[in-house]
Amino acid sequence: MAEAGAVSEHKSAAWPLAQVYAALIVYASLYPFGEWRTQGISPFAFLLAPLPRYWTGFDVLSNALGYGPLGFLITLGGLRSRLARPLLLAVGAAFCLSLAMESLQSYLPSRVPSNVDLFLNALGGAVGAMAAWALERLGALDRWSLFRARWFVPESRGALVLLALWPVGLLFPAAVPLGLGQVMERVEEGLADWLADTPLLDWLPVRDVELQPLIPSAELLCVALGALVPCLLAYSIVRSLPRRVAMLVLVLGVGLGFTALSAALSYGPVHAWSWLSLPVQLGLVLALLLALPSLWLTRRGCAALCLLALGIHLSILNQSPTSAYFAQTLQTWEQGRFIRFNGLAQWVGWLWPYATLVYLIRWMARREPG
C-alpha cells in the first residue's frame, strides 16, 4: 500500500512533454514564418489534390516519425490520468494538429501542403498511440511508475521533463560543446531587424565593444558547467547516493553521445568526436571533479548550486560570438534536409537553460525541507 501511494503522488510528465512537443511541431511546420499571403486557393484544397508524383524516403520517414512521440505522449498522459478513450484522443489530436499545420502552409509560399503528409502524420500519431497502449497492456508503464517512485521524489515532474529535453537541445550544433543558451547575439540581430526604419531603433542598447571569442580557459569552464548543470538538476530529485552516482554516469554518457551525434550530423560520421579538443576534455574532467563531491549535498543544496552554475555558464557563454565557420555549419541545418528538425532542436537548445532557471528559482522559493 505504501508503494502504491508513493506512485500516486507522482504527477505524469507526459502532459507537459506533449505540450512542448506540439509547440515544437508548430514551429517546425511553419518555419520560416515569412511572406504570409493568400494564394487564391482554399486552405483545404490540398485534401483533394492528386497524389504527388515524387517523394523521398526521408520525407516519408520524417513525416511518419515526427508525430509518433506526440501520439505516444498524449496516450500515456491519458492512461496515467485515467481518461476515457486515450487512444482516440491521441489519434484525433495528431490528425487535427497536422490538418491545421498543412492548411496554414497554404499561406506560406515556401511550404507546400500535402495530403500525403497529413496521412503520414496521422499514421505516425496512431503508431505512437498504439505503442503506448501496448506498453500499458504489457505492464511496462506500471513498472516505470514503480521505478520512478523508488528513484525520484514525488515533485520530480518538472526536472524530469527538463532532463528529457536536454539531449534534444544538444542535437542542434552549439558553438561550445554542451553550451546551450547562447542567444544574445541572435537576439540583438533580431531586434535590430524588427526595429529597422522605426524610431524605436534608437532605444536599442548598443554595446561599446564587439563580442570577443572565448579564450581556452573560458571555453573549458563553459563545458564544465554545461555538463555539471544537468547532473545537479538530477541530484535535486534523487535522494539515494548510489542512485545519484548512476544518474551522474547516465547524464554524462547521454551528453557525450548526443553531442557526438550532433557533430556526425553536421560534419559527417568521421568527425563525430572532432569536438573533443583539449579544453573540452579538461572541461569534462572538471565537471566530473565538481559533480563527485556534490553527491553528498542536500536536494536544496544541489538546486542552489545548479542555479549558480547555470547563471555563470550563461553569463560567460553570451559574452562571446559564434564563429563564421559555425554560422556556415548552421546553414546545413537551416537550409538543408535537417530543416524539419531545425525548430525541434534549435529552440530547445536556446530555451532549455532559461526554462531551467525559472524552474530552479520557483523550486528554491518553496518553503519545503531539502
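- Both Leu308 and Leu292 are members of a single hydrophobic cluster when ILVMFWY side chains are connected at heavy-atom separations under 4.5 Å.
- The backbone N or O of Arg299 lies less than 3.5 Å from no partner atom in the side chain of Tyr235, so there is not a single donor-acceptor pair.
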Using the rule given for side chain to side chain contact (heavy atoms under 4.5 Å, CB included), can you reason through Leu233 versus Tyr359, listing the C-alpha separation, both sets of side-chain angles and the distance that settles it, and then say yes or no?
CA-CA 10 Å; Leu233 183 62; Tyr359 168 81; 3.8 Å; yes
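- Between the CG atom in Leu123 and the OG atom in Ser98 there is a gap of 11.0 Å [rounded to 0.5 Å].
- Ser29 contributes a side-chain N or O that, together with a main-chain N or O of Ile25, makes up a donor-acceptor pair within less than 3.5 Å.
- Taking 4.5 Å as the limit, some side-chain heavy atom of Leu118 sits within range of a side-chain heavy atom of Phe95.
- Residue Leu276 holds its CG atom at 7.0 Å from CG of Leu256, rounded to the nearest 0.5 Å.
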Output, in order, the C-alpha distance, side-chain angles, deciding distance and verdict of side chain to side chain contact (heavy atoms under 4.5 Å, CB included) for Tyr67 and Leu97.
CA-CA 10 Å; Tyr67 276 68; Leu97 179 60; 4.1 Å; yes
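- Between Pro279 and Val223, the closest side-chain pair of non-hydrogen atoms is not below 4.5 Å.
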Step by step, would you call Ile237 with Leu163 a side chain to side chain contact (heavy atoms under 4.5 Å, CB included)?
CA-CA 11 Å; Ile237 56 174; Leu163 289 170; 4.2 Å; yes
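- Follow the hydrophobic side-chain contacts under 4.5 Å out from Leu278 and you reach Val176 in the same cluster.
- Hydrophobic clustering keeps Leu289 apart from Leu252 (ILVMFWY residues linked when any side-chain heavy atoms are closer than 4.5 Å, directly or through intermediates).
- Of all heavy-atom pairs between Gly179 and Ala174, the closest is O-CB, 3.9 Å.
- Within the 4.5 Å cutoff, side-chain heavy atoms of Leu180 are placed close to those of Trp166.
- Listed here is the closest heavy atom pair of Leu286 and Ala224: CD2-CB, 3.7 Å.
- Proximity of a side-chain donor or acceptor of Arg300 to a complementary backbone N or O of Met364 within less than 3.5 Å is detected.
- Residues Leu170 and Ser262 come closest through the heavy atom pair O-CB, 3.4 Å.
- Below 30°, between 30° and 60°, or above 60°: for Phe172 and Trp350 the angle between ring planes is above 60°, a perpendicular geometry.
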Walk me through it: do Arg157 and Arg148 pass the test side chain to side chain contact (heavy atoms under 4.5 Å, CB included)?
CA-CA 10 Å; Arg157 180 173 67 169; Arg148 179 179 168 183; 3.8 Å; yes
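- Taking all atoms of both residues into account, the shortest heavy-atom contact from Leu79 to Ala132 is CD1-O, 4.0 Å.
- Pro43 is not listed as a side-chain neighbour of Leu104, based on a closest heavy-atom distance of 4.5 Å or more.
- Counting only heavy atoms from C-beta outward, the side chains of Phe44 and Leu99 approach each other to under 4.5 Å.
- The minimum heavy-atom distance linking Glu102 with Ser114 is given by the pair OE1-N, 2.9 Å.
- Taking all atoms of both residues into account, the shortest heavy-atom contact from Leu178 to Gly255 is CD2-O, 4.0 Å.
- Leu305 has its side chain within reach of Leu297: a pair of non-hydrogen atoms, C-beta onward, lies under 4.5 Å apart.
- Between Met130 and Trp133 there is a side-chain heavy-atom pair separated by less than 4.5 Å.
- The CG atom of Leu307 sits 13.0 Å away from atom SG of Cys302, with the distance rounded to the nearest 0.5 Å.
- Under the 4.5 Å side-chain heavy-atom criterion for Ile, Leu, Val, Met, Phe, Trp and Tyr, Leu284 and Ile312 are members of the same hydrophobic cluster.
- Proximity of a side-chain donor or acceptor of Trp352 to a complementary backbone N or O of Leu162 within less than 3.5 Å is detected.
- Annotation: side chain of Val251 is not in contact with side chain of Leu248 (no heavy-atom distance under 4.5 Å).
- At least one donor-acceptor pair under 3.5 Å links the side chain of Ser106 to the backbone N or O of Ser103.
- Grouping the Ile, Leu, Val, Met, Phe, Trp and Tyr side chains by contacts below 4.5 angstrom, directly or via other members, places Leu288 with Trp296.
- For the atom pair Gln19 CD and Leu17 CG, the distance stands at 9.5 Å (nearest 0.5 Å).
- A side chain to side chain contact (heavy atoms under 4.5 Å, CB included) with Cys306 holds for exactly one of Leu225, Leu228, Leu360; it is Leu360.
- The distance from atom CZ of Arg244 to atom CG of Leu232, rounded to the nearest 0.5 Å, is 9.0 Å.
- Leu314 CG to Gln319 CD: the interatomic distance, rounded to the nearest 0.5 Å, is 11.0 Å.
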